[in-house]
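Here is the naming used below: chain letters follow the sequence lines, and residue numbers restart at 1 for every chain.
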Amino acid sequence: MQNWYPGDKDGKGGIYNFVTKRGKALANAKVTWTQVETGSAITWKYPSCILQGDNSVGEFYSVAVTNNRQQADTGTKMVHLGRNTRSTIVSKGISAGHGQNTYRGLVRIGKGARGARNFSQCDSLLIGDRCGAHTFPYLEVKNTSSQVEHEASTSKIGEDQIFYCRQRGLSTEDAVNLIVNGFCKEVFRELPMEFAVEAQKLLSVSLEGSVG
Amino acid sequence: MPQIAIGADSYAAQFATLKGTAPAAGPLGSLRDDAFRCFDRLGFPTTRLEEWRFTNIAPIVDTPFQAAGAAAGSGREVVDALRPPRSGGPELVFVNGRFAPELSDASGLPPGVRVRSLAATADAEAGGLDALAPYLGRLARFERHAFTALNTAFLADGAVIEVDGGVLVDRPIHLLFASSSDAAPVLSQPRVLVVAGASSELRVVESHAGAGDVPYLSNAVTEVSVAENAVVDHYTVVREAPAAFHVGSLAVRIGRAGNFSSHAITAGGAIVRHEAGVVLGGEGGECTLNGLYLANGRQLVDNQTTIDHAMPHCDSHELYKGILDGRSRAVFNGKIIVRLDAQKTDAKQSNKALLLSEDAQITTKPQLEIFADDVKCTHGATVGQLDADAMFYLRSRALSEAQARQLLIHAFAADLLGHIKVEAIRRQLDALLLERLPMNGNG
Amino acid sequence: MLEIRNLQAKAGDRQILNGIDLTVSPGEVHAIMGPNGSGKSTLAGALAGRDGIEVTGGSATFKGQDLLELEPEERAREGLFLAFQYPVEIPGVNNAYLLKAALNEVRKHRGQPELDAMDFMTLVRKRMSLLEMDDALLNRPVNDGFSGGEKKRNEIFQLAVLEPTLAILDETDSGLDIDALKTVAGGVNAMRSPERSMVVVTHYQRLLHYIVPDFVHVLARGRIVKSGGKELALELEEKGYGWLDAEPARPAVASGVSLHETSTA
Ligand SMILES: Nc1ncnc2c1ncn2[C@@H]1O[C@H](COP(=O)(O)OP(=O)(O)OP(=O)(O)O)[C@@H](O)[C@H]1O
Ligand SMILES: [Mg+2]
């Protein structure tokens with residue numbers, strides 16, 4: 001969970017956070033990266049998995065939040081070398097204020113990776129209309145017996161959604177938390193219980209004041 | 001534009017003959033003339049055109065098809081063999097595009113519904129086609145579409161379904177287009193026009209089927225106008241003969257709070273191309289495009305869809321699934337346009353293909369053109385094989401390999417089958433899925 | 001229950017409502033019909049407190065309180081329910097979860113204890129069967145990927161769970177096929193009771209075959225131009241809205257004239 005100082009409203013004084021992480025999985029092994037990125041003025045971070053051994057598994061679960069002038073550019077590389085290797089990518093980007101969020105990822109299925117599988121899901125949530133979301137999924141498949149699935153969506157927390165919740169009796173703040181947490185559900189459920197609660201709180205603090 | 005129009009020339013002579021022997025007066029005549037002019041200018045499409053990049057129609061261009069004449073070819077036996085199961089509703093039969101009254105039964109319709117042939121409509125009363133003028137040849141634009149232009153140029157017959165405002169048609173209306181060539185390759189050109197009045201509701205089933213070893217080209221055009229708050233549920237089942245070619249275009253316009261769904265099942269034919277183009281032209285409209293395509297051997301199946309969100313608050317749902325075996329090839333091109341004014345659009349598109357053999361191929365291309373900023377559009381494409389683990393699991397529970405395959409293939413198509421509201425079609429599809437599953441995938 | 005007096009409102013910077021008068025008593029069902037763009041949704045939005053709709057004059061009281069003073073969620077907790085013309089999709093937010101949160105807010109407000117998961121599910125199952133809803137819809141994100149018919153059904157399902165005192169249905173019938181229309185109407189009818197009032201906004205007379213209203217009003221150019229009993233709907237079906245252009249609009253301030261008198265007159 002990364003929560004470095006993001007700088008002031010204009011992004012001044014914030015930390016730049018550039019990170020490289022790699023995991024190598026031998027036969028039947030599993031590497032999972034789970035991250036919640038809420039801090040720093042600029043984040044570049046691409047935790048990756050080399051799936052070298054047969055039947056090895058790689059997973060990447062990410063929630064990245066940018067508010068004010070923050071920028072987050074994050075994603076993963078899943079390099080499938082062994083047979084029957086599997087990888088899952090779930091990336092959730094939330095942008096508010098002038099925040100920019102980029103998913104940048106590579107799925108490479110090598111010649112020898114027979115029966116390899118990947119599932120990627122990249123969703124972006126925009127709060128307000130001055131922020132941005134960008135998705136750059138790269139896919140290299142050198143093998144016909146593999147299966148690759150990619151899903152992407154971009155949606156906006158609109159006034160409509162908030163009004164809908166309020167019309168059902170919820171306060172604005174509860175409505176925003178509900179929508180944001182719902183959006184992050186697939187990642188939060190990978191976190192240990194206490195951690196997930198922490199992450200939810202961090203999220204609502206990071207997004208404070210972004211709506212109405 | 002360097003377009004080649006080899007086959008196009010032979011149609012000029014046929015068009016001249018048509019004008020001589022069976023001229024059409026008034027608006028129909030000028031519609032035909034305009035259409036032929038367009039066809040002549042466009043020529044058949046080539047793979048240099050983006051929409052045809054993966055679909056080489058040289059076999060169609062190189063075959064000298066003869067436009068079907070007024071005399072219906074095949075008799076009752078051929079048609080009966082091709083007849084799909086019915087659900088008791090009325091059925092109109094067309095042989096090589098021409099209405100065959102002796103094989104049809106249009107009885108049992110509620111008042112306020114007219115189902116007849118285009119030729120009969122034109123003859124019926126003076127100006128019989130006038131009421132259709134805003135739709136006929138207007139929904140399916142031919143200016144930039146050679147096959148639609150060709151169909152319209154020879155427009156002489158077809159099915160016309162008109163439903164008055166507020167009328168509910170509770171049984172599906174079946175249309176069977178049977179085609180076959182006797183000696184020379186025939187050009188069969190089915191044509192359908194559906195005009196659904198405000199708050200009306202109907203279900204239409206189009207079956208395209210054929211017989212014989214001599215190739216024929218079935219070049220079909222269907223136009224559907226869905227007025228305000230009307231509900232139209234449309235089915236196309238294409239099962240042409242193995243040597244035949246099929247090019248079909250469905251053009252739909254949906255009014256305010258109108259609801260249109262299409263289920264396109266494309267199975268038989270050497271080259272089958274199905275296009276569906278829908279304009280959401282009123283607020284709060286809803287459109288569902290579903291498709292199931294099955295191919296084997298060296299078949300080519302090409303599905304092209306365009307959904308044009310022209311007004312706000314419209315939803316579109318699109319799900320196409322393909323099952324490919326042998327050395328077959330499939331193309332899916334799904335275009336979604338969201339116009340500047342079409343705020344609050346919700347468009348979902350998904351194409352999933354199941355490859356049963358190593359040699360089968362699919363090219364899939366979502367194409368989103370979004371000009372409004374408060375919209376929701378998602379698309380997804382997956383290509384996969386039968387799950388080896390699931391196969392093994394089922395076999396270890398004593399199912400044969402064939403049974404296991406069948407079960408998984410059926411499961412793959414299950415959500416599409418679930419949306420089909422005509423029981424007879426669901427049964428037909430179940431059978432089709434079974435018959436299409438050879439044990440060895442090299443048909 | 002609801003008293004609207006000379007209500008005027010702007011949407012964006014356009015004046016849309018030009019003086020609406022309407023009295024709805026407990027147990028009554030009022031239908032509001034009118035051509036496209038006449039202000040039906042604006043009226044519904046003004047009553048529910050939608051952003052972007054600015055009330056510029058007149059008043060609305062709900063159970064004796066000034067409705068226009070309340071925040072949208074306060075209106076909801078007081079028992080005003082709006083079934084949206086275009087129900088909003090909320091990806092990732094479980095349908096049941098939102099409903100439970102909403103129900104408990106309403107109950108808290110009424111001084112009732114919150115429902116636990118078991119009791120909530122019992123209630124929900126009962127209401128779902130009322131609307132012939134597929135179980136799966138409960139665990140899907142709110143309206144996400146629902147068909148038009150499913151969305152409308154979900155709105156009425158929420159109504160049935162939240163048990164409001166005033167339900168405003170904005171074109172819940174549009175775009176539905178006849179089977180869905182019957183189901184939705186059945187759900188609404190099951191919720192009719194002497195304590196609960198309904199305002200049914202519709203474009204199409206057909207709905208009123210299934211939900212038979214006590215009163216029908218025609219809204220045109222931001223005013224109620226005609227009120228009557230259920231036979232008015234039939235008249236509209238026959239003649240369309242055109243003939244109303246000739247009718248004078250009801251006076252903007254018709255204080256004291258309740259609809260009972262108008263309709264029996
Ligand atoms: N935010 C806005 N800004 C400007 N004009 C608006 C706004 N919202 C609505 N309008 C306009 O106000 C008028 C009334 O709209 P409203 O949605 O209330 O009509 P309606 O009677 O519900 O129509 P329909 O039958 O189409 O649902 C329309 O002309 C509409 O274009
Ligand atoms: Mg409205």
Discussion item. List the residues meeting ring pair (Phe, Tyr, Trp, His ring centres under 6.0 Å) with B:Phe260, not counting sequence neighbours, and say none if there are none.
Written reply: none

Worksheet item: Taking atom NE2 of B:His313 and atom CD of C:Gln85, what is their separation to the nearest 0.5 Å?
Response: 7.0 Å

Fill in: Closest approach of B:Val231 to C:Leu176 (non-hydrogen atoms, all atoms of both residues)
CG2-O, 3.8 Å

Worksheet item: Is atom CZ of B:Arg114 surrounded by more than 12 heavy atoms (other residues, nucleotides or ligands) closer than 6.0 Å?
Response: yes

Worksheet entry | Atom group of B:Asp346 that falls short of 4.5 Å from chain C, counting heavy atoms | side chain

Worksheet entry | Validation row: C:Leu181, B:Glu201 side chains within 4.5 angstrom (heavy atoms) | no

Item to complete: With a 4.5 angstrom heavy-atom cut-off, could you sort out which part of C:Gln205 is near chain B: side chain, backbone, both or neither?
Response: neither

Worksheet item: Can you tell me if B:Asn259 uses its side chain to pair, donor with acceptor, with the backbone of C:Gly175 under 3.5 Å?
Response: yes

Worksheet item: Between B:His317 and chain C, which part of the residue has a heavy atom less than 4.5 Å away: side chain, backbone, both or neither?
Response: side chain

Worksheet entry | Spacing of NZ belonging to C:Lys151 relative to CD belonging to B:Glu286, to within rounding of 0.5 Å | 7.0 Å

Worksheet item: From C:Asp177 CG over to B:Arg203 CZ, what is the distance, rounded to the nearest 0.5 angstrom?
Response: 7.5 Å

Discussion item. Taking atom NZ as the centre, does C:Lys230 end up with more than 12 heavy-atom neighbours from other residues, nucleotides or ligands that are less than 6.0 angstrom away?
Written reply: no

Worksheet item: Can you say whether B:Lys344 sits under 4.5 Å from chain C via the side chain, the backbone, both, or neither, judging by heavy atoms?
Response: neither

Practice prompt. Look up atom CD1 in C:Ile178 and atom OG in B:Ser199, then write down how far apart they are to the nearest 0.5 Å.
Written response: 9.5 Å

Fill in: Shortest non-hydrogen contact from C:Arg206 toward B:Gly166
NH1-O, 4.5 Å

Worksheet item: Nearest heavy-atom pair of B:Ala257 and C:Tyr204: which atoms, and what distance?
Response: CB-OH, 4.3 Å

Discussion item. Can you tell me which portion of B:Asn229 sits under 4.5 Å from chain C's heavy atoms? Options are side chain, backbone, both or neither.
Written reply: both

Fill in: Derivation of the salt bridge (Lys or Arg N to Asp or Glu O under 4.0 Å) call for B:Lys421 and C:Asp179
CA-CA 12 Å; B:Lys421 301 209 183 77; C:Asp179 295 336; over 6 Å; no

Discussion item. Please report the interatomic distance CG(C:Asn36) to CD(B:Glu228), rounded to the nearest 0.5 Å.
Written reply: 6.0 Å

